[in-house]
2 protein chains.
Amino acid sequence: MRQSRARTQRVTITDVGHAAGVSPATVSRVLNGTAKVDAVLAGRVQAAVRTLGYHPNAAAQGLAKGRWGTIGVLVPDLANPYFPEILKAVSAVARANGHRVMIMESEENPAVEPELVADLLRSCDGLLLCSPRMRRDQLAELVARAHPMVLVNRIVPGLAVPAISVDFYGGTTSICGHLAQLGHRDVAYLSGPEASWANGERIRALEAAAAFGLRVTVIPAGATAADGGAAAEQALAAGATAVVTYNDLVAQGALARYRQLGVDVPTELSVVGFDNLSLDWSGQATLTTVAMPRDDLGRQAAELLERLMTGSPDTEPKLLPMELLIHETTGPAAR
Amino acid sequence: MRQSRARTQRVTITDVGHAAGVSPATVSRVLNGTAKVDAVLAGRVQAAVRTLGYHPNAAAQGLAKGRWGTIGVLVPDLANPYFPEILKAVSAVARANGHRVMIMESEENPAVEPELVADLLRSCDGLLLCSPRMRRDQLAELVARAHPMVLVNRIVPGLAVPAISVDFYGGTTSICGHLAQLGHRDVAYLSGPEASWANGERIRALEAAAAFGLRVTVIPAGATAADGGAAAEQALAAGATAVVTYNDLVAQGALARYRQLGVDVPTELSVVGFDNLSLDWSGQATLTTVAMPRDDLGRQAAELLERLMTGSPDTEPKLLPMELLIHETTGPAAR
DNA sequence: CTGTTAGCGCGTTCAC
DNA sequence: GTGAACGCGCTAACAG
């Protein structure tokens, strides 16, 4: 008999109050600990909740409280191993603060980002935009909506929005220094997604390294191992003695291709990764790369967002340092 | 002046109606296309929406319509490359049906799953439980709440819940057949997470292979490359000539360890992966494994869920076949 | 300490 | 075709 309305008719706070012989308000108080309630009544409410199988309706709570209890996260690509660790850290912080996490991915398509973010905006208390690829003006428009929002891995000069990012410029510079000291003069860069701010930073740093005698050829590649493999030969054609890559995936793809071509690394060619994605199954890392603890990045970003949502207008972009990890894929220049 | 209330005071449907000189009801009608509206009025409404920057409140819509427009997805581990492709496919289907996707991960901790799902239940129209690790009775309790719900990669006998899964048993059997035909008799299995149904299926199939003369030693490992590396030696100690693994990550970890130990694959030892995670950066797969298109799995699961949410009580568990991919890590038995 | 009242923002009857 | 009124389920302010 009570099953007959199982699907459509949810049990409400009024039902619980009815069953416990108290008003809906009291039920609310018991459930949220908003005010002191007589122990006997509280007990009756708890019991009613249990027997009826009551679960508060999130939409109704959101409407009444003016908060959703949810934070939204946008990432370009869930398959990129760069993001899971960030998401894990963010989820942990969010849960610790009683928030759910809504994740959306743009599939590396900058065009859909604004729409996705608009969607998140309508159902979240705060937003975390990870490596957003969208244009500056689109970003500015979203920022203007004045919702708590944190940018991760993107700094937009002149835009007043809290941001936390990694010092990709510095990381790239340390790579360049390492290579220069090994005698390299001709470097190829297997470039990542065009709209990626992080990619731009790497390129800026590489070009600045010209001051130290480094000649850089930028070769469009992408963000995956396949992209790296496909672009690998062009680095050779460019006469480079060292190859810097957008990330470790691209580096692994390139390394595989060089193995195929019989090009020995690092004696004939040096290869440097980026991001320390831990793709060496051997357990001991072999790829020279630059690192930054991603869980830290995610944690700090989430904490910043939580702080924003409770009021404090903390708006100075933060840049986390990278660390050069020298392993076995870099060596003295061949010529 | 209008900025003074930017944070707290959102623009509502009433504001729009006011600005356009129509009733809130009319605004709702033009926005949802619920009924025919005079073109002139509609135009005024559109304009007002644009200039005021109106965005409907998802919670209010949800409350009024009794739907959230969101589907929830639970996964054990976002860092496991098995899930991103599923999530991508699910997101695509969901978006095509006008639904948002809320993702939660349990971090391979079965204990938190019920709580996470309860949370999803309160704010989603339908649920997709991917490889849930929780106990049967907990699952039964959730199913009893009678929400549209689809189980992915878990079949619970005797529980009436729509499910779509992969034929891990069959996949494992084809591995066993392959190994048997190569003359292997002693096989070690590097086992995955204990609470994983998929892991149980693999073990069942391996034990059934005893009928064909295969002796199997089950060695607890885990789901990561590190786990595989750590457990690799025990397979040798067990006297196995072939090692079957929980997944390709475990296999890669084991392979790396064998390389270190100077054990040649496949002449001295055969190694088989699982899931075809495409971890061979070389571009051409080298690991023998079994595969099932994960985007297909995700797509079908999401479509099933969408169907459930619109009514049809489709409740026959579906099992998708796996395909054996023979590459370079398996060969004739050493002895 | 508790019940009653009044909204939160929207969709949807119902009359006009 | 359009507006006014009501209710979705819950919390917060107000009385008692």
Side-chain angles (χ1 to χ4, degrees), chain A residues 5 7-46 48-49 52-70 98 119 121-125 147, chain B residues 5 7-46 48-49 52-70 98 119 121-125 147:
Chain A
R5 33 155 231 178
R7 192 54 136 313
T8 57
Q9 199 88 343
R10 298 279 314 277
V11 28
T12 139
I13 201 171
T14 310
D15 298 334
V16 176
H18 200 76
V22 299
S23 75
T26 299
V27 177
S28 173
R29 286 192 267 259
V30 173
L31 262 39
N32 300 310
T34 310
K36 265 215 144 353
V37 173
D38 185 282
V40 190
L41 293 190
R44 291 220 303 265
V45 169
Q46 304 278 22
V49 164
L52 293 182
Y54 168 74
H55 300 277
N57 180 314
Q61 283 183 317
L63 230 203
K65 297 210 259 204
R67 299 183 269 108
W68 287 261
T70 302
D119 238 37
L121 232 30
R122 302 196 312 114
S123 47
C124 298
D125 298 315
H147 274 247
Chain B
R5 32 155 234 178
R7 192 55 137 310
T8 57
Q9 199 89 343
R10 298 278 314 276
V11 30
T12 138
I13 201 172
T14 311
D15 299 333
V16 176
H18 200 75
V22 299
S23 76
T26 299
V27 176
S28 174
R29 286 193 264 260
V30 322
L31 260 40
N32 299 310
T34 310
K36 265 214 143 353
V37 173
D38 186 282
V40 190
L41 292 190
R44 292 219 304 263
V45 169
Q46 305 278 22
V49 165
L52 292 182
Y54 168 75
H55 301 276
N57 180 315
Q61 283 183 318
L63 230 203
K65 297 210 260 205
R67 299 183 269 107
W68 287 263
T70 302
D119 239 37
L121 232 30
R122 303 195 312 112
S123 48
C124 298
D125 297 314
H147 274 249

For Arg29(B) and Lys36(B), indicate whether the former's side chain and the latter's backbone hold a donor-acceptor pair under 3.5 Å. no
Counting primed atoms plus P, OP1 and OP2 as sugar-phosphate and everything else as base, spell out the protein contacts along nucleotides 10-16 of chain C at 4.0 Å heavy-atom distance: B, S or - for each nucleotide, 5' to 3'. BSBB---
Starting at CZ of Arg10(A) and ending at P of dG9(D), how long is that distance when rounded to a whole Å? 9 Å
In whole angstroms, the gap separating P of dT2(C) from CG of Leu41(A) amounts to 5 Å
Side chain proximity check, Ile13(A) to Ser28(A), heavy atoms < 4.5 angstrom: yes
Determine whether more than 12 heavy atoms belonging to other residues, nucleotides or ligands lie under 6.0 Å from atom CZ of Arg67(A). no
Euclidean distance, Thr26(B) OG1 relative to Arg44(B) CZ, rounded to 0.5 Å: 10.0 Å
His18(B) NE2 - dG9(C) C1' separation (whole Å): 17 Å
Return whichever of Val37(A) or Leu63(A) has its heavy-atom-nearest nucleotide of DNA chain C closer to the 5' end. Val37(A)
I need the CG-P distance between Asp38(A) and dG3(C), as an integer number of Å. 10 Å
Rounding to 0.5 Å, atoms CG (Asp119(B)) and NE2 (His55(A)) come to a distance of 11.0 Å
Can you measure from CZ (Arg10(B)) to OH (Tyr54(B)) and round to the nearest 0.5 angstrom? 9.0 Å
